Participant: 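Can you read through this structure? Questions will come right after.
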Amino acid sequence: MPELPEVESVRRGLVRARLRAPVTELWRSRSPLRIGATWRDERLECLVGATPGEVQRRGKYVVWHFDGDDLGLVVHLGMSGRFGLATPEQPHAPHTHFVLRFADGREVRLVDPRRFGGLRAGKLDELWRSPPLGELGPEPLARGFDGRALEARAGTSARALRDVLLDQTVVAGIGNIYAVEALHLAGLHPLLPAKRLRASAWDRLAHALVTVLRQAIDNGGTTLRDFRDVSGHSGRNQDELRVYGRAGAPCPGCGTTLKGFVHGGRSGVFCPQDQRRARGRIA
DNA sequence: CAAGAATCCTGAATGC
DNA sequence: TGCATTCAGGATTCTT
């Protein structure tokens, strides 16, 4: 499930591909990738004839520039989306939903079995202003991101910390894996109401997020099942996860048995010793 | 307004 | 072995 580090790996793969030839053809499958108002007016056809340029990332979204800063393609990989390079004579892999063919004879293909991904294209400035990009919270790896940035957006919320971290308007790019990992690193209970945290705990949490995200990017992302980069390679960060998916195993910090939980229909893990509820208020 | 639940989807994993 | 059931997960929409 691509979160910020996995999307960053994909972005870097697209940059490495150095695609500079104009789009000659665009192909879409019959089945739409995402239902909902945000993705309905996709206007993908505007990319035909456009020249690809810079590839950026915002949260979990790839933001691909076309014709300089004029047009853009915004891609969310959902749960199972993969970008890959191919040539026209290669048959489409199953669940291929979107293909851009370029004048140099290469193709970029998007495969997404579960179809939770989404595509949108149009004027780049409009894309940045409107949902989903326009409503995203701060970029955790950008300069200036800190505990105060988190507290400003969630400091009065009664919601559980883990849920707050998954809210893309609070901070962009965090999914369940890195939320769970960061909360453990920060020593904070995942179900502690956000408004109970004091400033020093928000600082710890922000710092922990940056740490787990940076490490995951260095490791090429986390592949639990589906994730592959543009070259088809798996990530290596799954071997470095300290608590995610390890309920019942000993805590890597203190040896206490890690405890699993389900909240809001989403599973998680924490250490009952290192992540006591009181720690958000004390330390 | 806020928060939780339902929804979309398919392959992998589990149960019998 | 094979079939049926369960689950996972992000963002959006619906309900309370």
Side-chain angles (χ1 to χ4, degrees), chain A residues 1-8 10 28-42 57-63 74-83 92-98 110-120 127 130-137 140 152-183 190-196 209 213 216 221-228 234-235 237-238 241 243-248 260-269:
Chain A
M1 51 301 308
E3 305 180 27
L4 187 155
E6 292 74 42
V7 178
E8 178 62 22
V10 168
R28 301 160 63 178
S29 74
R30 291 288 251 289
S31 30
L33 280 179
R34 178 82 63 87
I35 316 292
T38 301
W39 303 91
R40 199 160 283 152
D41 61 337
E42 298 167 11
R57 179 194 55 73
R58 178 80 169 93
K60 300 174 188 173
Y61 298 86
V62 174
V63 184
V74 177
V75 184
H76 192 292
L77 296 172
M79 301 298 306
S80 57
R82 288 184 196 179
F83 265 127
H92 284 185
H95 306 295
T96 298
H97 292 295
F98 177 70
L110 180 64
V111 174
D112 186 359
R114 269 167 270 182
R115 286 165 49 204
F116 274 29
L119 289 162
R120 215 179 167 206
L127 292 172
S130 53
L133 296 186
E135 294 172 354
L136 292 177
R153 288 178 176 259
T156 62
S157 174
R159 299 159 74 195
L161 277 181
R162 197 280 305 266
D163 296 355
V164 159
L165 291 179
L166 295 181
D167 184 339
Q168 301 300 299
T169 69
V170 172
V171 54
I174 311 299
N176 204 23
I177 296 173
Y178 300 112
V180 165
E181 290 290 315
L183 285 164
L191 301 183
L192 184 67
K195 64 182 180 187
R196 304 261 285 277
L209 281 171
L213 293 173
T222 299
T223 298
L224 291 184
R225 185 179 299 171
D226 297 306
F227 171 68
R228 297 291 184 282
S234 300
N237 197 61
Q238 58 278 11
L241 298 179
V243 292
Y244 185 86
R246 300 196 193 284
F261 68 92
V262 176
H263 186 251
R266 201 125 301 169
S267 66
V269 188

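Each chain gets a letter, A, B and so on, in the order the sequences are listed, and its residues count up from 1. In this text the structure is predicted, and so the values were computed from the model without any measurement.
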Participant: When you compare the protein's N or O atoms with those of nucleotides 14-16 of chain C, which come within less than 3.5 Å of each other, and at what distance?
Facilitator:
none

Participant: Could you state the CD1-C1' distance from A/Ile174 to C/dG9, rounded to the nearest angstrom?
Facilitator: 16 Å
Participant: Can you pull every protein N or O that's under 3.5 Å from an N or O on nucleotides 3-7 of chain B?
Facilitator:
{"residue": "B/dA3", "atom": "OP1", "partner": "A/Ala158", "partner atom": "N", "Å": "3.3"}

Participant: Would you list the pairs meeting salt bridge (charged side-chain N to carboxylate O under 4.0 Å, His left out) in which at least one residue belongs to residues 170-182 of chain A, sequence neighbours left out?
Facilitator: none
Participant: Check whether any side-chain nitrogen or oxygen of A/Arg115 sits under 4.0 Å from OP1 or OP2 of B/dT10, and answer yes or no.
Facilitator: yes
Participant: Do A/Arg246 side-chain atoms and A/Leu241 backbone N/O form a donor-acceptor pair below 3.5 Å?
Facilitator: yes
Participant: Would you please name every residue forming a side-chain contact (heavy atoms from CB on, under 4.5 Å) with A/Arg266, sequence neighbours left out?
Facilitator: A/Arg162, A/Leu166, A/Asn176
Participant: Among the candidates B/dT10, C/dG9, C/dA11, find the nucleotide nearest to the side-chain atoms of A/Lys60.
Facilitator: C/dA11
Participant: Give a yes or no on whether the backbone of A/Gly137 and the side-chain of A/Gln168 come within a donor-acceptor separation of less than 3.5 Å.
Facilitator: no
Participant: Grab the CE-C1' distance between A/Met79 and C/dA11 for me, whole Å please.
Facilitator: 11 Å
Participant: Which part of the nucleic acid, if any, lies within contact of A/Gly78, taking any heavy atom under 4.0 Å across all strands shown: a base, the sugar-phosphate backbone alone, or nothing?
Facilitator: nothing
Participant: Which residues satisfy the side-chain contact (heavy atoms from CB on, under 4.5 Å) test with A/Ser130, sequence neighbours excluded?
Facilitator: A/Arg120
Participant: Please identify each residue that fulfils side chain to side chain donor-acceptor pair (under 3.5 Å) with A/Arg153, with sequence neighbours left out.
Facilitator: none
Participant: Could you give the CD-to-C1' distance, from A/Glu3 to C/dG10, as a whole number of Å?
Facilitator: 9 Å
Participant: Going through the checks in order, is the side-chain contact (heavy atoms from CB on, under 4.5 Å) test met by A/Leu136 and A/Tyr61?
Facilitator: CA-CA 10 Å; A/Leu136 292 177; A/Tyr61 298 86; 4.0 Å; yes
Participant: Write down the distance between CG (A/Leu166) and C1' (C/dT12), rounded to a whole number of angstrom.
Facilitator: 15 Å
Participant: Please give, in whole Å, the distance from B/dC9 P to A/His95 NE2?
Facilitator: 13 Å
Participant: Kindly calculate the angle separating the two end axes of the helix from B/dA2-C/dT16 to B/dC16-C/dG2, each obtained from five base pairs, and round it to 10 degrees.
Facilitator: 60°
Participant: Test of understanding: with side chain to side chain donor-acceptor pair (under 3.5 Å), list the residues that count as partners of A/His263, not counting sequence neighbours.
Facilitator: A/Asp163
Participant: For C/dA11, does OP1 or OP2 lie under 4.0 Å from any side-chain N or O of A/His76?
Facilitator: yes
Participant: Reckon A/Gln168 has a side-chain N or O less than 4.0 Å from the OP1 or OP2 of C/dA11?
Facilitator: yes
Participant: Would you mind reading off the distance between A/Arg114 atom CZ and C/dT12 atom C1', rounded to a whole angstrom?
Facilitator: 18 Å
Participant: So, using side-chain contact (heavy atoms from CB on, under 4.5 Å) as the criterion, who are the partners of A/Ala194 when residues are at least two apart?
Facilitator: A/Ser157, A/Leu161, A/Val164, A/Trp202
Participant: Using centres under 5.5 Å plus planes under 30 degrees as the test, is A/Phe116 stacked with C/dG9?
Facilitator: yes
Participant: Measure from CD on A/Glu135 to P on C/dT13 and round the result to the nearest Å.
Facilitator: 10 Å
Participant: Report the C-alpha separation of A/Tyr178 and A/Leu4 in whole Å, then their side-chain angles, then the decisive distance to 0.1 Å, and conclude whether the side-chain contact (heavy atoms from CB on, under 4.5 Å) test is met.
Facilitator: CA-CA 9 Å; A/Tyr178 300 112; A/Leu4 187 155; over 6 Å; no
Participant: Taking 4.0 Å as the cut-off, does a side-chain nitrogen or oxygen of A/Ser80 come that near to OP1 or OP2 on B/dC9?
Facilitator: no
Participant: Could you please name the option among C/dG9, C/dA11, B/dG11 that lies closest to any side-chain atom of A/Tyr61?
Facilitator: C/dA11
Participant: Quick one: side-chain contact (heavy atoms from CB on, under 4.5 Å) partners of A/Pro2, sequence neighbours excluded?
Facilitator: A/Glu6, A/Val7, A/Leu77
Participant: Could you tell me how far apart A/Leu4 (CG) and C/dA11 (P) are, to the nearest whole angstrom?
Facilitator: 11 Å
Participant: Please identify each residue that fulfils side chain to side chain donor-acceptor pair (under 3.5 Å) with A/Glu8, with sequence neighbours left out.
Facilitator: A/Arg11, A/Arg12, A/Arg57
